[in-house]
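Computed from heavy atoms alone, side chains included, the values below leave out hydrogens, waters and symmetry copies. Computed from a predicted model, the values in this text were never measured in an experiment.
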Amino acid sequence: MANLINVERATVGYGTRTLLAAVSLGVDEGDAIGVVGRNGDGKSTLLQVLTEARGPDSGRVTHTSGLSVGYLRQSDDFAAGSTVREVIVGGRADHIWAAEPDTRAVVEHLLAAVDLDSGVADLSGGERRRVALAAVLIAGHDVLVLDEPTNHLDVEVIGWLAEHLSGLRSQALVVVSHDRWFLDAVTTSTWEVHDGAVDAYEGGYAAYVLARAERMRLAAGTEARRRNLMRKELAWLRRGPPARTSKPKFRIQAANDLIANEPPPRDSLVLQRFATTRLGKDVFDLHRLRLEVGDRVILEATDWSIGPGARIGLVGVNGTGKTSVLRLLAGELQPTAGTIKRGSTLHIGYLSQALAEMTDADRVIDAVENRRRISQLAGGREISADTLLKDFGFTGDKLIAKITDLSGGERRRLQFLRILLDEPNVLLLDEPTNDLDIDTLTVIEDYLDDWPGTLIVVTHDRYFLERVTDVTYALTGAGRADLLPGGIEQYLADREAAEPPPSRQEPQRSESASARERRTGKEMARIEGQLAKLDERIAAMHEAMAEAAADHVKLGELNNELNDLLATKESLEEAWLTAAED
């Protein structure tokens with residue numbers, strides 16, 4: 001395939017630190033590349049170099065003539081006074097852009113609740129992020145370079161985005177993400193940025209873990225803790241659904257040898273027994289509880305018992321009240337009606353989405369001085385504060401770094417570390433993966449494997465949710481918290497089967513006109529689905545005709561079937577055009 005972007009011996013430094021050292025790599029047509037690495041190791045810098053947003057200190061970056069590159073940065077930069085419509089569709093009216101199926105799909109999935117004529121400056125941070133992502137996806141670029149595109153997206157929209165990006169054909173994709181499920185769903189190769197270098201691996205995240213584990217096995221002097229973490233991660237991937245490991249194309253037997261005798265990540269019976277000794281029989285008991293926040297009803301007449309050792313994932317579309325439920329359990333919100341009974345021995349550790357101000361500490365080392373020096377895990381195993389600091393990446397100069405100088409991801413790590421040192425027996429985690437790199441997430445997952453207590457997690461990170469929890473509940477938006485025996489897969493299937501939300505309405509249009517537009521949109525979507533399936537049948541028919549080239553009787557029969565399919569396709573296309581004109 002044609003080469004689109006070529007990087008030759010690019011070096012980039014910040015102060016005394018070299019982020020990229022004589023890196024050479026390329027992006028070809030059809031590539032789908034995931035970029036991973038620890039926070040601060042140069043992932044975003046690499047994207048800036050690829051997109052020519054900044055030049056390397058030395059070396060060269062070349063783009064093929066006329067190349068169009070769409071770059072989603074972690075921060076947006078919209079023109080002053082611009083509207084959403086101007087940013088995403090160049091100001092075009094709805095009846096114009098809605099005739100483009102791809103554009104319509106992006107707007108309906110990312111901006112369903114946003115008025116296109118509102119000013120971008122008036123939107124929330126999450127809405128602005130969605131607008132920026134929509135603009136990049138709609139513009140028809142040759143290369144998409146996306147820096148954390150799943151931020152501010154819920155599980156359902158992330159699933160749609162993965163499907164949308166996987167459908168790209170000639171376009172190339174380079175994406176930085178800490179969402180491992182997303183990476184595995186959309187990428188076919190992986191770049192790991194570390195120590196100034198970029199190592200290339202074939203396959204998505206699961207394939208990358210397998211290959212990296214084998215490299216670590218073969219590399220002399222690999223650090224023991226890092227190797228053990230990778231073994232646990234590898235064991236989890238290999239025991240999970242087969243789709244997680246469907247892409248590797250390299251020899252994996254040596255990697256499999258690493259986990260031949262590796263036990264499951266968690267011993268549920270030991271954790272349950274230890275949690276019961278710390279918590280007793282009661283943790284949370286909700287009876288006929290009603291929770292209102294503003295004019296929204298989050299829970300209605302809900303009965304819900306949460307016991308010791310429960311590991312619960314809480315999902316739902318944005319706005320259904322997941323954070324409010326955590327605040328209720330933490331005691332920050334009171335029920336409107338009904339009761340919530342808390343166990344008498346509860347010691348709750350609550351990681352909120354906000355970055356807490358550590359007013360009792362000026363430096364990292366101060367932030368743990370007033371905490372416990374030794375914490376106990378399940379089965380009596382103890383962990384020291386020094387070990388936790390090291391595992392969470394606080395060593396050397398980082399120990400005396402000022403809290404105010406830490407990045408968002410580093411402060412998030414320190415928040416979680418402080419909570420662990422307090423030895424809570426109940427953990428409430430609200431979007432714990434925000435701002436964290438994959439290596440840090442594997443460290444957190446490792447500690448949660450041995451953490452004895454009740455765990456309730458709200459996260460859009462599907463991989464993390466499946467990795468650390470045993471059961472999933474969904475907030476439906478109708479006042480219920482429904483148990484999902486089938487986990488995330490069941491949640492997505494239920495959402496798909498439910499009636500889709502109403503299409504966007506212009507304020508000045510009548511209700512009947514809006515209803516007609518909704519019906520038209522659904523009809524066009526139905527026809528598009530039929531056309532897609534028909535194209536697959538036509539392609540299969542062409543292959544069958546090629547195989548039957550020497551059999552004239554069979555060839556004639558296949559040709560008649562092909563003509564029927566083409567006639568059906570033509571009628572469907574006419575029906576789609578008719579619907580689009582209504």
Problem - Asp94 and Leu116: CA distance, side-chain angles, deciding distance, side-chain contact (heavy atoms from CB on, under 4.5 Å) verdict - result: CA-CA 9 Å; Asp94 286 351; Leu116 298 192; 3.9 Å; yes

Problem - Distance in Å, Tyr201 OH paired with Ile33 CD1, rounded so as to fall on 0.5 Å steps - result: 15.0 Å

Handout entry: Sub-4.5 Å side-chain heavy-atom contact between Leu153 and Leu110
Key = yes

Handout entry: Which atom of Ser324 lies closest to which atom of Leu291, heavy atoms considered
Key = O-CD2, 4.0 Å

Problem - Backbone of Asp117 reached by a side-chain donor or acceptor of Arg85 within 3.5 Å - result: no

Practice task
Kindly indicate whether the side chain of Asp147, heavy atoms from C-beta on, has any atom under 4.5 Å from the side chain of Leu72.
Solution key: no

Problem - Check: Thr190 side chain, Gly203 main-chain N or O, donor-acceptor pair, under 3.5 Å - result: yes

Handout entry: Student check: side-chain heavy atoms of Phe392 and Val443 closer than 4.5 Å
Key = yes

Exercise for the section: Look at the aromatic rings of His109 and Trp160 and report parallel, tilted or perpendicular, splitting at 30° and 60°. Expected result: parallel

Handout entry: Verdict with supporting geometry, Arg467 and Tyr463, side-chain hydrogen bond (donor to acceptor under 3.5 Å, both in side chains)
Key = CA-CA 6 Å; Arg467 175 69 173 79; Tyr463 187 104; 5.4 Å; no

Practice task
For the pair Asp449 and Arg311, find out whether any cationic side-chain nitrogen is under 4.0 Å from an anionic carboxylate oxygen.
Solution key: no

Exercise for the section: List the steps, then state whether side-chain contact (heavy atoms from CB on, under 4.5 Å) holds for His141 with Val69. Expected result: CA-CA 5 Å; His141 297 289; Val69 179; 5.8 Å; no

Exercise for the section: Drop me the distance from Asn39's CG to Ile438's CD1, to the nearest 0.5 angstrom. Expected result: 10.5 Å

Practice task
May I ask you to decide if Gly309's main-chain N or O and Thr454's side chain share a donor-acceptor pair within less than 3.5 Å?
Solution key: yes

Practice task
Please report the shortest heavy-atom distance between Tyr205 and Asp184, naming the atom on each side.
Solution key: N-OD1, 2.9 Å

Problem - Worked check of side-chain contact (heavy atoms from CB on, under 4.5 Å) between His194 and Arg38 - result: CA-CA 7 Å; His194 68 96; Arg38 292 187 69 94; over 6 Å; no

Handout entry: Nearest-0.5 Å distance, CG of residue Leu429 to OG1 of residue Thr459
Key = 9.5 Å

Practice task
Look only at the side chain of Ser166 and the backbone of Ala185, and say whether a donor-acceptor pair between them is shorter than 3.5 Å.
Solution key: yes

Exercise for the section: Tell me, with the steps shown, if Asp437 and Asp41 meet side-chain contact (heavy atoms from CB on, under 4.5 Å). Expected result: CA-CA 10 Å; Asp437 56 67; Asp41 272 4; over 6 Å; no

Practice task
Measure from the side-chain N and O atoms of Asp142 to the backbone N and O of Ser68, and report whether any donor-acceptor pair falls under 3.5 Å.
Solution key: yes

Handout entry: Test item: Arg412 and Leu351 side chains (from C-beta on) under 4.5 Å apart, heavy atoms
Key = yes

Handout entry: Atom of Ile88, atom of Ala135 and distance for their closest heavy-atom approach
Key = CG2-N, 4.0 Å

Practice task
Could you tell me whether the side chain of Thr472 and the main chain of Gly486 form a donor-acceptor pair under 3.5 Å?
Solution key: no

Handout entry: Gln74, CD: over 12 other non-hydrogen atoms inside 6.0 angstrom
Key = yes

Fill in the blank from the handout: When every non-hydrogen atom of Gly159 is compared with those of Trp181, the smallest separation belongs to CA-CH2, 4.0 Å

Handout entry: Distance in Å, Leu173 CG paired with Leu165 CG, rounded so as to fall on 0.5 Å steps
Key = 5.5 Å

Exercise for the section: Kindly indicate whether the side chain of Leu484, heavy atoms from C-beta on, has any atom under 4.5 Å from the side chain of Asp494. Expected result: yes

Handout entry: Side chain to side chain, Val458 and Val325, heavy atoms closer than 4.5 Å
Key = no

Exercise for the section: Answer yes or no: is there a side-chain heavy-atom contact under 4.5 Å between Thr442 and Arg180? Expected result: yes

Exercise for the section: Say whether, by atom type as modelled, one donor and one acceptor occur between the side chain of Glu431 and the main chain of His460 under 3.5 angstrom. Expected result: yes

Compile the donor-acceptor pairs under 3.5 Å between side chains in residues 312-322 and protein atoms, sequence neighbours left out, one pair per line.
unit_1: Thr320; atom_1: OG1; unit_2: Val317; atom_2: O; d: 2.8
unit_1: Lys322; atom_1: NZ; unit_2: Gly316; atom_2: O; d: 2.9
unit_1: Lys322; atom_1: NZ; unit_2: Val317; atom_2: O; d: 3.4

Fill in the blank from the handout: CD1 of Ile444 to CG of Asp446, rounded to nearest 0.5 Å, is 11.0 Å

Practice task
Apply the side-chain contact (heavy atoms from CB on, under 4.5 Å) test between Leu137 and each candidate in Val107, Leu161, Asp102; give the one that qualifies.
Solution key: Leu161

Practice task
Find out whether Pro149 and Val175 are in side-chain contact, i.e. whether some heavy atom of one side chain is under 4.5 Å from a heavy atom of the other.
Solution key: yes

Practice task
Please round to the nearest 0.5 Å and tell me the distance separating atom CG of Leu441 and atom CG of Leu448.
Solution key: 10.5 Å

